[in-house]
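To keep things clear, I will list the structure first and then write my remarks on it.
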Amino acid sequence: MGRLAQRLLKNPAAKPDRPHSRLGRLGCLPRLILLLIGSLVLVGLITAVFAPWGFFMGGKFNIFGYWQGWGTLNTKNGKYVLYVRLYPSPSGSRIYPHPTVKGVGYLCSPRGQIFNMHLRGGMRRGIGTNTDGEKIGLSMDYWPVFGGTFATDHRPSIEVRGQWRNPSIVGDDFGSISRAFKPDGSVYQRGQDAHVAYPGDIVPVTLGAGSYSDFQNACKANR
């Protein structure tokens with residue numbers, strides 16, 4: 001006689017044990033891993049539907065849907081090293097009402113100071129999966145690692161206006177470095193840049209595909 005039948009004979013009101021679900025038998029860590037994988041798959045599906053170009057930025061397929069690169073801006077007052085990592089963002093921004101990107105940037109000044117930057121940008125409406133030759137504009141503001149949302153001053157702010165020349169972005173800073181930094185490499189504080197010419201000295205820049213560690217090495221060499 002089975003164990004369930006014996007239980008029912010002893011206690012007719014007893015209910016049969018419910019089998020545990022497979023998910024219920026998993027521990028916390030496997031559940032978190034499954035949740036993470038599910039989230040990544042969902043993000044990938046959204047990108048594939050609404051921004052398929054995100055997988056092909058720079059002319060090379062990236063399953064994670066982002067592009068990263070760095071470059072040097074050679075100003076008359078010293079070298080600035082810039083790193084960017086960008087990925088597709090839902091369209092409809094007031095600033096970029098077309099295919100948009102978000103991400104992070106890091107700017108290394110001639111003093112060796114590294115600024116953590118919040119990045120946003122955009123390209124033309126109707127862009128295909130081939131980004132080569134397409135124009136792109138990027139804007140970055142200083143974003144403290146801790147409390148960036150609550151910061152009232154996001155200087156320095158810089159720009160890159162250029163186009164994809166796969167696998168790189170080739171353009172210039174539209175004078176943003178000269179408007180953001182003093183000749184000694186320190187940041188203009190609020191009100192100090194009132195007499196700075198607009199747009200200022202325009203500096204060319206090529207952001208070539210590369211990693212954050214490449215940027216770090218270039219920044220160390222720049223000090």
Side-chain angles (χ1 to χ4, degrees), residues 36 39-48 50-73 79-91 93 95-96 98-109 112-123 127 129-132 134-149 151 154 156-174 176-177 180 203-222:
L36 177 60
S39 300
L40 291 175
V41 171
L42 178 60
V43 171
L45 289 175
I46 293 174
T47 301
F50 297 102
W53 47 267
F55 293 109
F56 299 92
M57 289 186 291
K60 185 178 180 180
F61 178 76
N62 186 326
I63 193 171
F64 297 107
Y66 74 90
W67 183 88
Q68 61 177 343
W70 69 279
T72 301
L73 297 100
K79 294 182 179 180
Y80 290 81
V81 185
L82 176 65
Y83 166 85
V84 299
R85 182 170 68 247
L86 47 101
Y87 51 86
S89 174
S91 300
S93 165
I95 301 176
Y96 300 102
H98 35 71
T100 58
V101 294
K102 285 186 177 180
V104 297
Y106 293 93
L107 180 67
C108 178
S109 74
Q113 185 175 5
I114 297 179
F115 297 90
N116 183 67
M117 314 289 281
H118 180 269
L119 179 150
R120 61 190 180 279
M123 295 178 284
I127 188 173
T129 55
N130 182 14
T131 59
D132 195 36
E134 297 288 352
K135 293 182 178 180
I136 182 171
L138 303 175
S139 300
M140 285 159 273
D141 304 309
Y142 172 58
W143 204 263
V145 176
F146 301 103
T149 304
H154 290 283
S157 299
I158 64 171
E159 300 177 51
V160 172
R161 299 187 179 186
Q163 66 179 159
W164 289 100
R165 293 183 185 172
N166 293 341
S168 306
I169 296 175
V170 179
D172 60 64
D173 75 328
F174 195 63
S176 59
I177 292 290
V203 181
V205 61
T206 296
L207 300 175
S211 66
Y212 181 72
S213 61
D214 295 332
F215 160 79
Q216 286 181 308
N217 293 333
C219 182
K220 290 178 182 177
N222 191 41

Rounded to the nearest 0.5 Å, what separation is found between the CD1 atom of Ile169 and the CG atom of Leu207?
5.5 Å
Residues in side-chain hydrogen bond (donor to acceptor under 3.5 Å, both in side chains) contact with Glu159, at least two apart in sequence or another chain
Arg161, Arg179
I'd like to check the side-chain hydrogen bond (donor to acceptor under 3.5 Å, both in side chains) partners of Asp141; sequence neighbours left out, ordered by chain and number.
Arg120, Ser157
With sequence neighbours left out, what residues match Gln113 under side-chain hydrogen bond (donor to acceptor under 3.5 Å, both in side chains)?
none
Roughly how far, to the nearest 0.5 Å, is the CZ atom of Phe56 from the CG atom of Asp132?
14.0 Å
Residue pair Asn62 / Phe64: nearest heavy atoms and the distance that separates them
OD1-N, 2.8 Å
Roughly how far, to the nearest 0.5 Å, is the OH atom of Tyr83 from the CD1 atom of Ile114?
12.5 Å
In short, Pro156 meets Phe115 closest at the heavy-atom pair CD-CD2, 3.7 Å
Let me see the working for Val205 and Asp173 under side-chain contact (heavy atoms from CB on, under 4.5 Å), right down to the final yes or no.
CA-CA 7 Å; Val205 61; Asp173 75 328; 5.5 Å; no
Mind listing the closest non-hydrogen atom pair of Pro88 and Gly65 along with its distance?
CD-O, 3.2 Å
Determine, stepwise, if the pair Leu82 / Ile158 fulfils side-chain contact (heavy atoms from CB on, under 4.5 Å).
CA-CA 10 Å; Leu82 176 65; Ile158 64 171; 3.9 Å; yes
Would you please test Val84 and Trp67 for side-chain contact (heavy atoms from CB on, under 4.5 Å) and show each step?
CA-CA 8 Å; Val84 299; Trp67 183 88; 3.8 Å; yes
Sub-3.5 Å donor-acceptor pair from the side chain of Thr131 to the main-chain atoms of Met57, do we have one?
no
CD1 on Ile177 to NZ on Lys79, rounded to 0.5 Å
14.5 Å
In this structure, which one of Thr206, Val81, Val203 forms a side chain to side chain contact (heavy atoms under 4.5 Å, CB included) with Leu73?
Val203
Go through the structure and list residues passing ring-ring contact (aromatic ring centres under 6.0 Å, His included) with Tyr87, not counting sequence neighbours.
none
How long is the span from the OH atom in Tyr142 to the CE atom in Met117, to the nearest 0.5 Å?
10.0 Å
Closest non-hydrogen contact found for Ser168 with Ala209 is OG-N, 4.4 Å
Is the Trp53-Trp164 ring centre distance short of 6.0 angstrom?
no
Tyr106: which residues meet the ring-ring contact (aromatic ring centres under 6.0 Å, His included) condition with it, sequence neighbours left out?
Tyr212
Tell me every residue that passes side-chain hydrogen bond (donor to acceptor under 3.5 Å, both in side chains) with Asp214, counting only those two or more places apart in sequence or in another chain.
Ser211
How many angstroms lie between CD1 in Ile136 and CD1 in Ile127, if you round to the nearest 0.5 Å?
7.5 Å
